[in-house]
S.K.: 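For reference, the structure I am asking about is given below.
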Amino acid sequence: MITARQSRAARALLGWTQETLADKARVSLTALKRLESESGLAVYETTRDQVRRAFEANGIVLLNSDRGEGVMIVDDARDQHRGTVG
């Protein structure tokens, strides 16, 4: 599951606005703003899946572990850049 902070961090890595991500994920801007909100608003799981797929299609890997969450952009199999969230 993609979190609000992961979405914002991944957008920053790609240089995308919320409008760009909403277009690429084929979700409404309102739905994306709900996902990226820290206010605990309900978000459909399909919205989260579509956003995650849009990031993955553009080289972003979402990281979740017992040590926290983060994002990683993969330029190719040999060149990886990691970033933590929070």
Side-chain angles (χ1 to χ4, degrees):
M1 178 175 83
I2 186 170
T3 67
R5 294 187 316 182
Q6 284 177 311
S7 183
R8 290 191 307 267
R11 275 195 311 104
L13 283 173
L14 293 170
W16 289 358
T17 63
Q18 284 184 323
E19 291 82 3
T20 300
L21 175 55
D23 182 57
K24 291 187 180 287
R26 295 190 173 128
V27 299
S28 72
L29 183 56
T30 301
L32 179 61
K33 287 183 178 193
R34 289 176 69 94
L35 185 150
E36 290 193 350
S37 166
E38 292 290 342
S39 62
L41 298 171
V43 178
Y44 288 115
E45 201 58 38
T46 54
T47 298
R48 291 183 190 279
D49 287 342
Q50 287 173 245
V51 169
R52 179 186 47 78
R53 283 190 211 111
F55 284 135
E56 289 175 350
N58 287 277
I60 294 288
V61 176
L62 303 172
L63 307 170
N64 290 300
S65 73
D66 57 346
R67 296 185 311 186
E69 61 190 34
V71 297
M72 177 175 66
I73 188 166
V74 180
D75 296 328
D76 65 31
R78 293 161 290 149
D79 185 21
Q80 299 178 357
H81 305 285
R82 295 175 186 263
T84 57
V85 179

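As the structure is a computational prediction, the values presented were derived from the model and not from experiment. For this chain, numbers begin at 1 and follow the sequence in order. Values below: all heavy atoms of this structure, side chains included; hydrogens, waters and symmetry mates excluded.
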S.K.: Return the minimal non-hydrogen interatomic distance between Leu35 and Ala4, and the atom names on each side.
M.R.: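 Scanning both residues completely, I find the closest heavy atoms to be O-CB, 3.2 Å.
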
S.K.: Specify the closest pair of heavy atoms between Leu32 and Ala22, including all atoms of both residues, with the distance to one decimal.
M.R.: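 Heavy atoms only, the tightest pair is CD2-N, 3.8 Å.
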
S.K.: I need the full list of side chain to side chain donor-acceptor pair (under 3.5 Å) pairs touching residues 45-54, with sequence neighbours left out, sorted by first then second residue.
M.R.: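 Residue pairs passing side chain to side chain donor-acceptor pair (under 3.5 Å), neighbours aside: Arg52-Glu56.
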
S.K.: Please list all pairs meeting side chain to side chain donor-acceptor pair (under 3.5 Å) that have one or both residues in residues 23-35, counting only residues at least two apart or in different chains.
M.R.: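 For residues 23-35, and leaving out neighbouring residues, there are no side chain to side chain donor-acceptor pair (under 3.5 Å) pairs at all.
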
S.K.: Counting N and O atoms only, with roles assigned by atom type, does the side chain of Gln18 sit under 3.5 Å from a partner on the main chain of Arg11, one being a donor and the other an acceptor?
M.R.: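 Here the side-chain-to-backbone pair does not exist.
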
S.K.: Do Asn58 and Trp16 touch side chain to side chain, with heavy atoms closer than 4.5 Å?
M.R.: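 Asn58 vs Trp16: side chains touch.
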
S.K.: Considering non-hydrogen atoms only, spot the tightest contact between Ser7 and Phe55 and give its length.
M.R.: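 So the two residues come closest at O-CZ, 3.6 Å.
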
S.K.: Does the side chain of Val43 come within less than 4.5 Å of Ser37's, by heavy atoms?
M.R.: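 A side-chain contact is absent here, since even the closest heavy-atom pair is not under 4.5 Å.
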
S.K.: Quick one: salt bridge (charged side-chain N to carboxylate O under 4.0 Å, His left out) partners of Glu38, sequence neighbours excluded?
M.R.: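 Only Arg8 meet the salt bridge (charged side-chain N to carboxylate O under 4.0 Å, His left out) criterion with Glu38.
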
